[in-house]
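Below is one structure, written out as structure tokens, with a few remarks after it.
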Amino acid sequence: MISDYIPVIGLEIHCELSTNSKVFCTCSAEFGGDRNTRCCPVCCGMPGTLPIINQTAVEYAVRAGYALNCGINKFSVFDRKNYFYPDLPKAYQISELNFPIVLAGEVPIEYEENGEKKKKSIRINHIHLEEDAGKLVHDDLNGVSLCDYNRCGVPLIEIVTEPDMRSPEEARKLVETIALQLQYAGVSDCKMEEGSIRADVNVSLMRKDATEFGTRAEIKNVNSLKSIYRTIEYEIKRQAQILDRGGEVVQETRRFDANKGETKAMRSKEDAHDYKYFPDPDILQVNFTDEDLERIKASLPEMPAQRRERYLSMGIPEKEAMVIVNDKVISDFFEDCMKVYNNPKSLVNFINGEIMRRINLGEIDKDAPKYTAAQVAHLVEMSETDKVSKNDAKTIFREMAEKGGDPEEIAKREGMIIVVDTTRVHEVIDAVFAANPGPVEQYKNGDKKVFGFIMGLCNKELRGSATPKVVKEELEKRLAAL
Ligand code: ADP
Ligand code: MG
Ligand code: ZN
């Protein structure tokens, strides 16, 4: 039974660094482009070419190390990891084995499991810098596979954790936390859908009374948070069944089939010696001085934990603050709004409500919205200062989201700007009183509940020529004088 075992999970997380150029040549490292248009003799491994290391990639790796509370190695060495596969034209990958750029560290995670809030720290064993490989494009129609080398040589860091996780949720949360830290650090966009973050998932089971870890399976290249969760869930079930039968888990490399929700054996596991690693003679060792490291550390921008503190000190409730902080794009958007209209609570309400709702419905492309932060800030200000009603503000925003446009212009065109006309307010109140003697009488006799009903009638009539606040004040005055 699954409950007889403790799952043990370790991850090797690969993140592409968002440098402009590749790690050993000057080709563009950007995602996309026509096939094989972003490569050169260096990243395609032509004989006689020499790699030159990209300083920014090295600094990004160090920043990633600091963002994940790790130690930095002042001396690191690149190695050749030799293997043959068509997506690797050099037949070796430049990586780091014995002297990786980032040393051990620890990443705190906070998560909810079975309705309970939990906290834990996951240890990082090290982080190394390496190059990505190309991509195989399978053409099923013609029964061939083609190579696209655009991704060859894109800088990649591999974050290797200790086997500290004990559930799919812990693993999912760790990847999410690491992605957020790296996005804030400005070193990777960690877009799962573009493959810029993916993980090898190691899973084993141990009996509750065991003192040693069991044999693990390694599931390669799992590329979404959901798949990581499902992979682990499936592996736990699969291995528990084997162990229940008295069998033994085979140490092997597997892959996850997201359509079937299953993992399948690929090959028996390879060891480091299978790769015949040796130091790359073409690349200089990396040496840092204390000043270099101080400078890189100081270049880290505000990180999620600091931002959360600042938001709390602005009076934003914890839950709302976390929704914003946990999404860097949204958080940066909020920061831009604040520069135009300094009203954190109203902005957060609008962003977490109206904007998030439409993003989740797929109506807004979060990365390329049709509105600007300044326009949204202005809209929220118009709504807060009763220049437009709350309801109309939503209608205006809908148009901004769909087509773009200035909120003030939309409001004017649609006749939504509220101009308070006190004479008209009095006229409407008189008319409502005359038409509804019953409720007015009720109010006079002490039934204060009808106030809302009377006010509703007035508001309906006064739409656009008074704010609810003014109507309420005037109505209270009139009723008191009855
Ligand atoms: P290798 O060099 O063979 O890839 P490592 O010791 O570097 O092995 O570990 C690779 C990953 O596997 C690490 O993330 C580690 O935490 C994880 N791991 C190691 N042993 C186990 C185990 N018994 N169960 C689950 N994960 C494990
Ligand atoms: Mg490994
Ligand atoms: Zn190149």
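Only this structure's heavy atoms are used, side chains among them; waters, hydrogens and symmetry mates stay out.
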Between [X] and [Y], is any pair of side-chain heavy atoms under 4.5 Å apart?
X      : Y      : value
Tyr149 : Pro89  : yes
Val77  : Asn98  : no
Ile178 : Leu68  : yes
Arg172 : Met165 : no
Lys366 : Phe333 : no
Leu205 : Leu243 : yes
Leu103 : Cys70  : no
Asp132 : Cys152 : no

*Pairs satisfying side-chain hydrogen bond (donor to acceptor under 3.5 Å, both in side chains), at least one member in residues 105-117, at least two apart*: Tyr111-Glu170, Glu113-Lys118, Glu113-Ser167

Contacts of [X] that satisfy side chain to side chain donor-acceptor pair (under 3.5 Å) - sequence neighbours left out:
X      : answer
Lys81  : none
His128 : His126, Glu130, Glu158
Asn150 : none
Asn125 : Glu162

Say whether, by atom type as modelled, one donor and one acceptor occur between the side chain of [X] and the main chain of [Y] under 3.5 angstrom.
X      : Y      : result
Asp4   : Lys208 : no
Asp200 : Asn221 : yes
Asn342 : Met338 : no
Asp406 : Glu409 : yes
Ser145 : Leu136 : no
Lys22  : Arg38  : yes
Asp274 : Asp271 : yes
Glu218 : Thr253 : no
Thr231 : Ser227 : yes

*Could you give me the CA-CA distance, side-chain angles and deciding distance for Arg254 and Thr263, then say whether side-chain hydrogen bond (donor to acceptor under 3.5 Å, both in side chains) is met?*
CA-CA 6 Å; Arg254 302 177 68 85; Thr263 66; 3.0 Å; yes

To the nearest 0.5 Å, how far apart are [atom1] in [X] and [atom2] in [Y]?
X      : Y      : atom1 : atom2 : value
Leu182 : Ile197 : CG    : CD1   : 6.5 Å
Cys147 : Arg35  : SG    : CZ    : 11.0 Å
Ile242 : Lys237 : CD1   : NZ    : 14.0 Å

*asked:* Suppose the criterion is salt bridge (Lys or Arg N to Asp or Glu O under 4.0 Å): which pairs have a residue in residues 61-76, not counting sequence neighbours?
replied: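 Listed once each, the pairs are Lys74-Asp290.
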
*Do Phe75 and Phe288 have ring centres separated by under 6.0 Å?*
no

_Please confirm whether the ring centroid of Phe78 lies under 6.0 Å from the ring centroid of Phe99._
no

*Test: Glu335 and Lys328 ion pair at under 4.0 Å*: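 No salt bridge links Glu335 with Lys328.
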
*Any Lys/Arg nitrogen of Glu402 or Arg398 sitting under 4.0 Å from an Asp/Glu carboxylate oxygen of the other?*
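Result for this pair is yes, salt bridge flagged.
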
*Taking Pro407 as the fixed residue, which of Glu381, Glu399, Met400 is the one that meets the side chain to side chain contact (heavy atoms under 4.5 Å, CB included) rule?*
Met400

_Test log, rule side-chain hydrogen bond (donor to acceptor under 3.5 Å, both in side chains), inputs Asp189 and Ser196_ = CA-CA 7 Å; Asp189 54 21; Ser196 63; 3.0 Å; yes

*Walk me through it: do Tyr229 and Tyr234 pass the test ring pair (Phe, Tyr, Trp, His ring centres under 6.0 Å)?*
CA-CA 9 Å; Tyr229 191 98; Tyr234 179 84; over 10 Å; no

*When you look at Glu302 and Gln306, which way does the side-chain hydrogen bond (donor to acceptor under 3.5 Å, both in side chains) test go after all the steps?*
CA-CA 6 Å; Glu302 185 180 51; Gln306 295 160 294; over 6 Å; no

*asked:* Atom CG of residue position Leu284 - does it have more than 12 heavy atoms of other residues, nucleotides or ligands inside 6.0 Å?
replied: no

Going by atom types alone, do [X] and [Y] pair a side-chain donor with an acceptor below 3.5 Å?
X      : Y      : value
Tyr275 : Ser95  : no
Asn343 : Tyr341 : yes
Thr161 : Arg123 : no

_Chi angles and distances behind the side-chain hydrogen bond (donor to acceptor under 3.5 Å, both in side chains) call for Thr289, Asp292_ = CA-CA 5 Å; Thr289 61; Asp292 292 332; 3.1 Å; yes

*Hey, does the Lys NZ or Arg CZ of Arg80 hover above the aromatic six-ring of Tyr92, less than 6.0 Å from the centre and inside 45° of the axis?*
yes

